Number of protein chains: 4
Amino acid sequence: MRGVNKVILIGNLGRDPDVQFLEGNIAVAKFSLATTETFKDRAGKLISQTEWHTVVLWRGLAELAQKYLHKGSLVYIEGRLRTRSWEDKEGNKKFATEVVGDNLVMLDKRMDLNSSDHSLPHHSSSGSGPGESFPNLEMPPPPLNEPADDLPF
Amino acid sequence: MRGVNKVILIGNLGRDPDVQFLEGNIAVAKFSLATTETFKDRAGKLISQTEWHTVVLWRGLAELAQKYLHKGSLVYIEGRLRTRSWEDKEGNKKFATEVVGDNLVMLDKRMDLNSSDHSLPHHSSSGSGPGESFPNLEMPPPPLNEPADDLPF
Amino acid sequence: MRGVNKVILIGNLGRDPDVQFLEGNIAVAKFSLATTETFKDRAGKLISQTEWHTVVLWRGLAELAQKYLHKGSLVYIEGRLRTRSWEDKEGNKKFATEVVGDNLVMLDKRMDLNSSDHSLPHHSSSGSGPGESFPNLEMPPPPLNEPADDLPF
Amino acid sequence: MRGVNKVILIGNLGRDPDVQFLEGNIAVAKFSLATTETFKDRAGKLISQTEWHTVVLWRGLAELAQKYLHKGSLVYIEGRLRTRSWEDKEGNKKFATEVVGDNLVMLDKRMDLNSSDHSLPHHSSSGSGPGESFPNLEMPPPPLNEPADDLPF
DNA sequence: TTTT
DNA sequence: TTTT
C-alpha cells in the first residue's frame with residue numbers, strides 16, 4: 001500500500017453513543033465528538049474553536065463505547081476518514097464524512113480500564129451490570145508479542 | 001485547550017490544485033487527495049480501498065502547492081478536520097468536511113525541495129535529466145550526533 | 001523538506017517536572033512520562049506494558065509544565081524525537097533519545113485551561129499564585145486564523 | 001488502557017536493512033532511518049536538520065523490508081517507542097531507544113506494492129522498464145463513493 | 001518513577 | 001450536541 005489515512009482526535013461526546021447490532025450480532029456505535037482547540041489570535045486574544053466529528057466504532061470497540069462512554073466523556077480516538085454518499089428522497093446528493101475508529105482510549109478518571117476490577121460504577125447514564133469481564137476488549141493494534149529483549153542486535 | 005484534531009494523509013492528487021487568491025493576496029489551494037490502503041480480507045484476498053479527501057491549504061503552503069503539485073503528485077499532508085455547512089439554492093442543508101493542512105511534504109522524487117532553488121520546472125510527468133544526484137540521499141553514516149544545543153541536562 | 005519526525009504520547013508524569021531557566025530567561029522543562037498500553041496476548045491474558053519517555057519542553061510550554069504539571073499528571077504530548085550523544089567522564093559514549101514537545105494538552109480534569117479562571121488550585125505540589133493570566137500560552141501550531149468561511153469554493 | 005505511544009516517521013534508510021531470523025523462523029529487521037526537516041530560522045535562513053532513528057520491524061514487515069528496502073529507500077513508518085537498557089562488558093549502563101514499527105509504507109516509485117506481484121526485483125538503484133504504467137495514479141475522477149456498506153445510519 |  |  002502506498003497510502004495513509006489516519007485521524008487522531010481528543011474530545012468530548014456530545015451525546016450518549018447510539019449503538020446498534022447488525023446481523024451476526026455485530027455492534028456498531030456512533031456518536032458526535034467535539035474537539036476544542038484554543039489558541040491566541042494575532043491580537044493575542046484567546047480563541048476557542050470547536051469542531052464536531054462523527055465517530056463510528058465497530059464490534060468490540062462499539063461494545064466498549066456502549067458500556068463506558070456517555071455524553072461528556074473525554075476520549076482519544078484513532079481511526080481513518082471515510083466519506084459516504086447517497087441520495088435523499090428528493091434526489092439530492094448527500095455526503096457524510098465519518099471517522100471510523102480503530103483505537104479508543106478513555107481519558108476520564110472513572111473510566112480507566114487498566115485495573116483488574118472492571119465492575120466499578122462509572123458515572124454512566126445507561127447503567128451496566130456485573131460480569132463486565134471484557135470478553136471483547138480486542139484492542140486493535142495486535143500485540144505482536146515479540147520475543148522482546150532477545151533482539152539479536 | 002483539551003482537544004486534539006489531527007489528520008495525517010499520504011496519497012495522490014486527483015487533479016491539479018485549484019488555487020485562488022483572496023483579498024490581501026492570500027493564497028488558498030484546494031485539491032482532492034486519494035489515499036489507498038491495501039490489506040487482506042478474511043479470505044486472505046488483497047483488498048485495495050481508496051478514499052477521497054478534500055484538502056485545503058493556505059498562504060505559503062498554497063503557493064507551494066501551486067508551484068509544485070499537480071495531478072498524480074504523492075504528498076504527505078498533516079492537518080485538521082473542518083466541516084462546513086451551508087444551504088444550496090434550493091434550501092437544502094449541505095455539509096462538506098475538509099482537511100485543512102498545516103504541513104505538506106512532497107514525496108515525488110522530482111519534487112524535492114531540500115535544495116535552495118525552488119524554481120525548478122515541475123509539472124513534468126516523466127522527464128528527468130542530469131543533476132538528479134540527490135546528495136542528501138548519501139547521508140552521513142548513521143548517528144554520531146552533536147553534543148546537544150545548550151540543554152542544561 | 002522530505003521528512004517527518006512525529007511522536008504522539010498520552011501518559012502520566014513519573015515525577016514533578018524539572019524546570020530550568022537558560023540565559024535570556026528561556027524556560028526548559030524535563031520530565032519522565034509513562035505510557036501504558038494494555039492488550040491481550042495470544043492466550044487472551046491482559047498484558048500491561050509501560051514505556052518511559054523523556055520529554056523536553058521549551059519556553060511557553062515549559063512554563064505551562066512548571067505551573068500545571070506534577071507527578072501523576074495525565075498529558076497528551078505531540079513532538080519529535082531527538083537523540084543526543086556525549087561522552088561521560090570515563091570517555092564512554094552515551095546516547096539519550098528525548099521527545100521534544102511542541103504541543104501539550106492537559107487531560108486531568110482539574111487542569112483544564114479553557115476556563116477564563118486560571119487560578120484554581122490544582123493538586124499541585126509546588127503551589128502557584130494569583131494572576132496566572134497565561135501571558136505565555138503560545139500554543140505552538142500557530143493559528144493561521146484564516147478568513148474562514150469566505151472560502152472561494 | 002489509558003496510554004498512547006505512537007511514532008510517525010518519513011525518511012530514508014541509511015543502510016540496507018539488517019535482517020535476522022530468530023527461532024521459529026521469525027524475521028527481525030533493523031535499520032537506521034534519517035528524517036530531515038527543513039525550516040527557516042529566525043533570520044529566515046533555511047535550516048536542514050537530520051535526525052537518525054533506529055527502526056525495528058518484526059515478522060511480515062521485516063520480510064517486506066528484506067525484499068524491498070535498501071540504502072536510500074524512502075519510507076513511512078508508524079510504530080511505537082521502546083527503550084532497552086543493558087550493561088556492557090565494562091558494566092556501563094547503556095540505553096537504546098528504538099522505533100518498533102507496526103506499519104510500513106514504501107514511498108519510492110519502484111517499490112509500489114499495490115500490484116499483486118510482490119516478487120519484483122528491487123535493489124535496483126535506477127533502472128526502469130516497460131510496464132511501469134501506474135494505473136492507480138490514473139484514479140477515478142474524485143468522489144462518488146458507494147452507498148456505504150451496511151451501516152445502519 | 002506514573003496511572004487505574 | 002460536549003468540555004472548562
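When reading the values below, keep in mind they use all heavy atoms of this one structure, side chains included, and skip hydrogens, waters and symmetry mates. A quick note: this is a predicted structure, and the numbers were derived from the prediction, not measured. Below, chain A is the first sequence line, B the second, and so on; all start at residue 1.
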Between [N] ([atom2]) and [X] ([atom1]): distance, integer Å:
X: Leu33(C); N: dT3(E); atom1: CG; atom2: P; answer: 12 Å
X: Lys71(A); N: dT3(F); atom1: NZ; atom2: P; answer: 7 Å
X: His53(A); N: dT2(F); atom1: NE2; atom2: P; answer: 15 Å
X: Ile10(C); N: dT3(E); atom1: CD1; atom2: P; answer: 17 Å
X: Leu46(C); N: dT3(E); atom1: CG; atom2: C1'; answer: 16 Å
X: Glu37(C); N: dT2(E); atom1: CD; atom2: C1'; answer: 15 Å
X: Leu107(A); N: dT3(F); atom1: CG; atom2: P; answer: 15 Å
X: Gln49(A); N: dT2(F); atom1: CD; atom2: P; answer: 18 Å

Nucleotide nearest [X] when distance is taken to its side chain, options [options]:
X: Ser32(C); options: dT1(F), dT2(E), dT1(E); answer: dT1(E)
X: Asn12(C); options: dT1(E), dT1(F), dT3(E); answer: dT3(E)
X: Arg15(A); options: dT1(F), dT2(F), dT2(E); answer: dT1(F)
X: Arg2(B); options: dT4(E), dT4(F), dT2(E); answer: dT4(F)

Note to self: Centroid distance below 5.5 Å plus an interplanar angle below 30 degrees: do Trp52(C) and dT2(E) meet both conditions?
What the structure shows: no

Next item on the list: Could you check if a side-chain atom of Lys30(A) sits within less than 4.5 angstrom of a side-chain atom of Pro17(A), using non-hydrogen atoms only?
Entry: no

Note to self: Under 4.0 Å, heavy atoms only, any strand: does Thr50(C) hit a base, just the sugar-phosphate, or nothing?
What the structure shows: base

Next item on the list: Just jot down the side-chain hydrogen bond (donor to acceptor under 3.5 Å, both in side chains) partners of Glu78(A), sequence neighbours excluded, or say none.
Entry: Lys6(A), Tyr76(A), Lys6(D)

Notebook entry, point to check: With sequence neighbours left out, what residues match Thr97(C) under side-chain hydrogen bond (donor to acceptor under 3.5 Å, both in side chains)?
Noted result: Thr83(C)

Note to self: Looking at Leu81(D), is its backbone amide N or carbonyl O close enough to the side chain of Asn5(D) to form a donor-acceptor pair, meaning the two atoms are under 3.5 Å apart?
What the structure shows: yes

Checklist line | Chi angles and distances behind the salt bridge (charged side-chain N to carboxylate O under 4.0 Å, His left out) call for Glu51(A), Arg82(B) | finding: CA-CA 7 Å; Glu51(A) 192 69 30; Arg82(B) 190 189 56 175; over 6 Å; no

